[in-house]
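For the numbers below, each heavy atom of this structure counts, side chains included, while hydrogens, waters and symmetry mates do not. Position 1 is the first residue of the sequence, and the numbers go up from there.
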Amino acid sequence: MHRRDVLKMTATAIAGAASVLTLEGVSFARADGSARTAGEETRHVTGRLPAGAPDFVHLPVEVPSGVREIAVSYTYDRPAVPSGTPGNACDIGVFDERGTELGGAGFRGWSGGARTEFAISAERATPGYLPGPVRPGTWHIALGPYTVAPQGMAYDVTVTLRYGAPGVTPAPVYPPRRARGRGRAWYRGDNHLHSVHSDGLRTPAEIAAAARAAGLDWITTTEHNTTSSHAAWQGLWGDDLLILTGEEITTRNGHVLALGTAPGTFLDWRYRARDHAFGRIARTVRRAGGLVVPAHPYGTCVGCNWKFGYEDADVVEVWNGLWTPDDEMAVATWDAMLAAPAREGGAWLPAMGNSDAHREPQVVGLPQTVVLADDLSHDALLAGLRAGRSWIAESSAVALTFGATDGRGGHAGIGERLRVGPDAEVTVRLDVRGAPVTGCTVSFVTDQGVLLTTPVPADGRVEWHTTAARSAYVRAEVRRPPAGGGGDGGGSGLPGAMVALTNPVFLGRAVD
């Protein structure tokens, strides 16, 4: 075993993105220049990163020919820190000989902080990593010091190369883009899920079983910063469950779902808002057939708050998992963005909700987005989401219809516009079934705020009259009664937890 302290560091940059530290490289070259064909070799590297280190630290590894497998493990210290001061947290991943450029072809895997070791060969790879040949050249182990304590971070990286004849990389089998479905109908989906391929504890098989138990028609696999799960669902889809592929792009300035991207599409995360790289990534998501969906924009974890703005978003996730005050803030921010397009026309930002389930007892399908689509297919579902023909429910037990009519037989449903004069009377109707407890309320929210709140009646039907002059849009919320304090209302002054939330119905003739 070769051991040394790294003394040389050079500041470099990922093209178009964040600066990095590049450490002194690790070489496995033999003194006599000969090639090894069997056995294994290990190099051991230690060092210390200072507080304020760049977001990414690259350890170059010179990989010779004849390598069958590369294996990496790492540790770092966790010294005590004062209250309110972040301690040490360090992620890890790897790029192969094709390079580390932003969005480049060299990506071979990322496990964040979920694993302390990984291995890659042609035949197989640790979840989070991509199998394939271990070709000669300069590979880069990428350390991501998420937070660094004032004392700095001592790290210890072990790299092992195993020699031998390379195996054969299996051809990936990806989910189909279409399931049988029910024709034009409302389809229920959960589009923010994590498995053992990032920081989740469920296997893909366990997620598929949970999705069926939750009454879902479709799900999207969205691991943090890796596509390794895209080929992990063989045998798990069926006529009753469509599985789409995607990624949760997990940056230091917020997380965003790349929803429904083509299998194997790599989407980079190594930038902050100040790097002005997100617009390029958003365009890549759309070219790959996906939607750009900022996730949990007011999430409380380090790096979760959304800092990139919404100009490049297609949809926004306003409800993430169990209803909490950060969801309340996300809905309020989203609602504030509806007024201008409601009056003036043009593009508006639809809302969706997902479970972000990682492990038990987090519930797959709490919440779920219900989309009106022409069929159960990638294209039809994403078209429904993009158009805002959707609403959010806490479970499949909750069902609703919501729309507006005028006195001449005109009708508009969720995500649509009822074109009426400013003073023409409009009737808004909600029919909700499956409210989980007594005491639930219905609210109709407009560009002027909440104009009606009423208990859910026994038959679940609520009718309200307005005009386009008074209400440029109307959307519905169904909520549980406030609890006695805590995060879902009562003593905190917040309303009760959400049961269902619709996208708006727009009223009037927009000024285009």
Side-chain angles (χ1 to χ4, degrees), residues 103 177 187-193 218-222 242 244-251 253-263 265-269 271 273 276-299 306-320 327 330-331 333-342 344-354 356 367-374 377-392 414-417 473 475 501-504 506:
R177 291 168 59 92
Y187 294 101
R188 295 175 180 264
D190 188 348
N191 300 283
H192 189 168
L193 293 162
W218 64 300
I219 59 174
T220 306
T221 174
T222 55
L242 179 68
L244 303 186
T245 54
E247 180 182 328
E248 183 173 7
I249 306 171
T250 306
T251 80
N253 282 161
H255 301 185
V256 57
L257 303 176
L259 195 160
T261 47
T265 302
F266 169 63
L267 298 159
D268 220 310
W269 68 97
Y271 46 83
H276 305 293
F278 180 67
R280 169 184 164 188
I281 302 299
R283 290 190 293 273
T284 301
V285 171
R286 294 192 187 96
R287 284 196 300 269
L291 299 180
V292 178
V293 185
H296 46 65
Y298 291 95
W306 185 247
K307 306 294 187 183
F308 294 94
Y310 296 95
E311 294 82 2
D312 291 300
D314 297 307
V315 186
V316 61
E317 183 186 78
V318 301
W319 183 354
N320 176 277
D327 299 310
V331 169
T333 298
W334 165 68
D335 182 80
M337 292 189 283
L338 295 175
E344 300 168 10
W348 60 282
L349 189 64
M352 71 181 306
N354 303 296
D356 196 5
Q368 54 195 249
T369 299
V370 192
V371 184
L372 180 61
D374 289 336
S377 69
H378 168 281
D379 292 354
L381 291 167
L382 267 58
L385 286 174
R386 188 183 293 108
R389 298 191 301 268
S390 60
W391 58 280
I392 312 168
I414 297 170
E416 297 176 339
R417 178 176 290 274
Y473 68 85
R475 61 180 184 83
L501 166 72
T502 74
N503 274 299
F506 297 100

Residues that [X] engages under salt bridge (charged side-chain N to carboxylate O under 4.0 Å, His left out), provided they are two or more places apart:
| X | result |
| --- | --- |
| R286 | D314 |
| R177 | D379 |
| D335 | R475 |

Sorted by chain and number, sequence neighbours left out, ring pair (Phe, Tyr, Trp, His ring centres under 6.0 Å) with F506 holds for W348

Residues forming a ring pair (Phe, Tyr, Trp, His ring centres under 6.0 Å) with Y298, sequence neighbours excluded:
none

Given 3.5 Å as the limit, does a donor-acceptor pair link the side chain of T502 with the main chain of P504, or not?
no

Taking side chain as C-beta onward, heavy atoms only, is [X] less than 4.5 Å from [Y]?
| X | Y | answer |
| --- | --- | --- |
| L267 | T284 | yes |
| L259 | T222 | no |
| N354 | L257 | yes |

Who pairs with A262 by side chain to side chain contact (heavy atoms under 4.5 Å, CB included), at least two apart in sequence or on another chain?
T265

When you check the side-chain N and O atoms of Q368 and D190, is any donor under 3.5 Å from an acceptor?
no

Can E317 and H296 be counted as having a side-chain donor-acceptor contact under 3.5 angstrom?
no

Dump the intermediate steps for side-chain contact (heavy atoms from CB on, under 4.5 Å) on V316 and T333, then the final yes or no.
CA-CA 10 Å; V316 61; T333 298; over 6 Å; no

